[in-house]
Amino acid sequence: QVQLVESGGGLVQAGGSLRLSCAASGRTFNPKTMGWFRRAPGKEREFVAAISWSIGSAYYADSVKGRFTISKDNAKNTVYLQMNSLKPEDTAVYYCAASLVYTSVRATGGYGYWGQGTQVTVSS
């Protein structure tokens, strides 16, 4: 069983930065892809960013491209999401997800393991 624990959320003013972390534990951890998703109030969960665990290819939603950076530390079984130039519309609960099989990186259904989420609130 894989367990994912997010941290780093909080309240920040527009234009500020936050760094989210997601630490994985449990069975021998060898995912194919790690992803970040978010759910804003009244909206469905949406893709934010993903990274391939082996070679580090990164994928981003258009809404965050150029502002957010996903990275990983294989030795620590941890994936990060550096969020810069935050906007009020980035306010959401952010979820970390892991896929143990090759899948569509932008689809929620492709991930079998999820964290509990961490709240990010951006004030205007």
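On a predicted model such as this, the values are computed, not experimentally measured, just so you know. For the single chain, residues carry numbers from 1 onward in sequence order.
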Legend entry - Sequence neighbours excluded, every pair satisfying side chain to side chain donor-acceptor pair (under 3.5 Å) that has a member inside residues 104-115: none
Inset, instruction - Check for a donor-acceptor pair, side chain of T91 on one end and backbone N or O of E89 on the other, with a separation under 3.5 Å. - result: no
Legend entry - Pairwise disulfide bond (SG atoms under 2.5 Å apart) hits with a residue in residues 19-116, at least two apart: C22-C96
Legend entry - Sequence neighbours excluded - disulfide bond (SG atoms under 2.5 Å apart) pairs with any residue from residues 60-95: none
Legend entry - Residue pair Y95 / G115: nearest heavy atoms and the distance that separates them: CD2-O, 3.7 Å
Legend entry - Residues clustering with Y80 (ILVMFWY side chains joined when closer than 4.5 Å, directly or via others): none
Legend entry - Sequence neighbours excluded, every pair satisfying side chain to side chain donor-acceptor pair (under 3.5 Å) that has a member inside residues 4-20: E6-Q116, S17-N84
Legend entry - K43: partners by salt bridge (Lys or Arg N to Asp or Glu O under 4.0 Å), with sequence neighbours left out: none
Legend entry - Those residues that, when tested against N74, pass side chain to side chain donor-acceptor pair (under 3.5 Å) (two or more places apart): K72
Inset, instruction - For A14, check side chain to side chain contact (heavy atoms under 4.5 Å, CB included) against everything at least two apart and list the hits. - result: P88, V122
Inset, instruction - Look up atom CG in L18 and atom CZ in F68, then write down how far apart they are to the nearest 0.5 Å. - result: 9.0 Å
Inset, instruction - Give the minimum heavy-atom separation between V105 and A50, together with the two atoms involved. - result: CB-CB, 4.0 Å
Legend entry - Verify same cluster id: V48, L86 (apolar side-chain graph, 4.5 Å): yes
Legend entry - Transitive ILVMFWY side-chain link W53 to V2, under 4.5 Å: yes
Pairs of donor and acceptor atoms involving the side chains of residues 30-38, under 3.5 Å and at least two apart or interchain, shall be tabulated with distances.
unit_1 : atom_1 : unit_2 : atom_2 : d
R38    : NE     : E46    : OE2    : 2.6
R38    : NH1    : D90    : OD1    : 2.9
R38    : NH1    : Y94    : OH     : 2.9
R38    : NH2    : E46    : OE2    : 3.2

Inset, instruction - Indicate if V93 and V79 have the same hydrophobic cluster label, given that clusters are the connected sets of ILVMFWY residues with side-chain heavy-atom separations under 4.5 angstrom. - result: no
Inset, instruction - For residues 30-90, pull every pair meeting disulfide bond (SG atoms under 2.5 Å apart), keeping only residues two or more places apart or in separate chains. - result: none
Inset, instruction - For Q119, check side chain to side chain donor-acceptor pair (under 3.5 Å) against everything at least two apart and list the hits. - result: T121
Sequence neighbours excluded and cut-off under 3.5 Å, please list the side-chain donor-acceptor pairs for residues 57-65, or say none.
unit_1 : atom_1 : unit_2 : atom_2 : d
Y60    : OH     : I70    : N      : 2.9
D62    : OD1    : K65    : NZ     : 3.3

Legend entry - Taking every non-hydrogen atom, the tightest pair across L4 and A24: CD2-CB, 3.6 Å
Inset, instruction - Test T69 against L81 for side chain to side chain contact (heavy atoms under 4.5 Å, CB included), laying out the working first. - result: CA-CA 6 Å; T69 302; L81 186 67; over 6 Å; no
Inset, instruction - Could you tell me which non-hydrogen atom of S21 sits nearest to which non-hydrogen atom of T78, and how far apart they are? - result: CB-CG2, 4.4 Å
